[in-house]
Chemist: 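Handing you a structure now.
Read the numbers this way: they start at 1 and go in the same order the structure lists the ligands and their atoms.
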Amino acid sequence: MSLREHALSLFRSAVGTVRPAPMLKRALKLQGEGCPELLVSSRAFPLKRDLYLVGFGKAVLGMAAAAEEILGDHLVRGIINVPLGIQESLQRAGMQEMLLKPHSRIQVIEGAKNNLPDPEALRGASAIRELAEGLTADDLLLVLISGGGSALLPAPIPPILLEEKEKLTKMLASRGAAIQELNAVRKILSLLKGGGLARLAYPAQVVSLILSDVIGDPLDIIASGPTAASSHSVQDCLQILAKYNLLHSLPSSVEAVLSSSPTKPAAAEDYSHVCNVIIGSNTLALAEAKRHAESLGYVTLVLSAAVCGDVGRVAVLYCQLICLLCLRLASLGEGPRGSELKGNLLQLAAELDIPGLNMAEFLQALQGMGPRKPVCVLAGGETTVQLQGTGKGGRNQELALRVGLGLHRARGVEASNLGRCDVVFLSGGTDGQDGPTDAAGAFCSPELVAEALQEGLDAETFLSNNDSYAFFSHFQHGRHLLVTGLTGTNVMDIQVILIRATDRSRELPLQIF
Ligand SMILES: Nc1ncnc2c1ncn2[C@@H]1O[C@H](COP(=O)(O)OP(=O)(O)OP(=O)(O)O)[C@@H](O)[C@H]1O
Ligand SMILES: O=C(O)[C@H](O)CO
């Protein structure tokens with residue numbers, strides 16, 4: 001298999017492990033005949049009670065189908081809010097296993113066109129609210145949560161109107177608010193977010209199974225944490241609104257809710273009836289890819305599952321890392337160039353401030369790798385693209401093209417090392433859709449930009465118009481695009497770096513710095 005085929009297979013194994021069916025099968029088990037119990041993350045919940053299910057998010061249809069399969073007749077009733085058109089598109093894609101069976105006990109409500117709350121999503125949220133409010137101490141509520149859940153569970157606190165909340169959310173997003181900031185505001189203005197759903201379901205036992213699409217898997221941010229204690233107060237919300245210059249243009253309904261909200265976060269409340277479990281995440285996906293890479297013979301390291309920040313700076317980080325890896329594979333020692341690359345990596349990591357990444361430790365681990373073995377570095381997260389042009393693309397295709405350009409430029413300096421290694425870089429969105437395109441991401445190599453120039457395609461020109469999709473679609477008839485179709489899951493993006501010394505490397509004179 002080529003490096004590219006290996007990279008694709010690693011991406012597929014990462015995504016495969018966080019697909020709804022395998023994920024639910026790992027997380028949820030029924031045991032016992034006479035007195036059945038539901039086992040969730042080694043906690044047992046007796047099923048003498050009535051079992052209900054609610055869910056909201058882009059991946060929730062497949063999660064509900066898998067859950068219903070496991071729960072069978074124990075499930076009394078369910079309601080899920082899922083994106084508009086999802087049943088039809090899964091049907092068309094032949095993904096039957098992600099659809100509910102005929103006569104399912106789970107009602108499906110589709111809404112939130114373009115990931116924005118709308119009257120249909122509001123109707124679904126009201127139905128979920130009614131179900132939760134009607135539960136008793138004898139009931140168990142299973143909650144399925146995935147990314148996109150915020151838009152699919154709108155319940156503005158009266159007198160705030162849906163349109164007012166939607167407008168505020170849109171303005172925050174367009175001014176660059178991060179998801180943590182956006183959801184901190186949404187929680188304060190909502191009946192169900194920020195732990196509201198769990199509070200309404202009390203005294204029923206609540207078990208939430210959560211597929212994380214946020215860096216660091218924060219329970220109170222994913223889908224705005226409807227079953228998690230909120231760590232945000234009304235002061236936090238006011239600070240965020242002030243930061244984005246929105247404090248003085250708020251509708252009077254929002255002002256009224258803010259001035260009557262408790263000043264302390266709801267964390268002080270009792271959530272002992274709630275069990276929140278992350279059942280799928282970027283970290284889990286990377287762990288599976290690592291196992292697979294090792295079985296293919298790669299010395300494998302995971303950089304981080306939280307790579308975030310400006311796509312251009314992240315691309316520089318990956319280029320410097322690839323150059324360092326090639327230097328290690330191609331040379332007898334690292335020398336001054338190695339020290340320079342390591343210094344750059346430490347500086348970039350500090351600048352990007354990637355949560356939990358200890359670059360010094362990572363470089364130490366690199367040092368411990370055996371020489372001349374094929375190397376795999378895995379990473380994940382979500383970069384940010386500041387759109388400047390009018391082209392078509394996504395953050396993964398943009399990242400791959402920027403890495404390709406960076407490696408092309410580095411060939412001037414690192415020619416002898418890059419020339420002695422085969423290198424593939426892959427970046428892909430685990431949901432199978434990168435931006436508004438039909439690709440999940442793209443591959444690149446140090447040769448890509450030069451080869452494209454021979455076809456008259458200038459990567460820099462495409463990048464200046466954020467037109468990475470057009471570049472990859474034209475170049476070699478789209479051969480470097482990663483096309484998977486919708487996967488039915490979403491744990492942000494994944495990057496794979498594969499490097500091995502070429503057969504030529506033994507013939508070329510070694511460059512020792
Ligand atoms: N032309 C473009 N070039 C590069 N990136 C783009 C372009 N157009 C949109 N994007 C990026 O694509 C992202 C939106 O696409 P997408 O729907 O895949 O992400 P999302 O809304 O974060 O959803 P999810 O997390 O479910 O993937 C934004 O980060 C945006 O900056
Ligand atoms: O729904 C949301 O709030 C985002 O997808 C983050 O989970």
Chemist: Have a look at ligand 1 and work out which part of Asp467, if any, has a heavy atom under 4.0 Å from it: side chain, backbone, both or neither.
Modeler: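 It is neither part, as no heavy atom is under 4.0 Å.
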
Chemist: Is atom 2 (C) of ligand 1 less than 4.0 angstrom from some protein heavy atom?
Modeler: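 Flag for atom 2 (C) of ligand 1 set to true, protein heavy atom closer than 4.0 Å.
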
Chemist: With sequence neighbours left out, write down each residue that passes salt bridge (Lys or Arg N to Asp or Glu O under 4.0 Å) with Glu97, or none if nothing qualifies.
Modeler: none

Chemist: Just to be sure I read this right, does ligand 1 sit under 4.0 Å from the backbone of Gln397, its side chain, both, or neither, counting only heavy atoms?
Modeler: neither

Chemist: Does the separation of the ring centres of Phe472 and His480 fall below 6.0 angstrom?
Modeler: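 No, ring centres 6.0 Å or more apart.
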
Chemist: Given Asn490, Leu399, Asn396, which has its nearest heavy atom closest to atom 25 (O) of ligand 1?
Modeler: Asn490

Chemist: Tell me whether Gly391 reaches ligand 1 (any heavy atom closer than 4.0 angstrom to a ligand atom).
Modeler: yes

Chemist: Where does Glu398 meet ligand 1, judged by heavy-atom distances below 4.0 Å: at the side chain, the backbone, both, or neither?
Modeler: side chain

Chemist: In sequence, state the C-alpha distance, the side-chain angles, and the governing distance for Leu142 and Gln205, and then conclude on side chain to side chain contact (heavy atoms under 4.5 Å, CB included).
Modeler: CA-CA 9 Å; Leu142 190 62; Gln205 172 76 50; over 6 Å; no

Chemist: Hey, does Gly394 sit under 4.0 Å from ligand 1 if you only count heavy atoms?
Modeler: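 So Gly394 counts as touching ligand 1.
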
Chemist: Side chain or backbone of Asn115 under 4.0 Å from ligand 1, or both, or neither, by non-hydrogen atoms?
Modeler: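 Neither part.
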
Chemist: Report the part of Glu382 (side chain from C-beta onward, or backbone N, CA, C, O) that has a heavy atom under 4.0 Å from ligand 1; answer both or neither where that applies.
Modeler: side chain

Chemist: Have a look at Ala151, Gly148, Pro218 and point out the one with the heavy atom closest to atom 1 (O) of ligand 2.
Modeler: Gly148

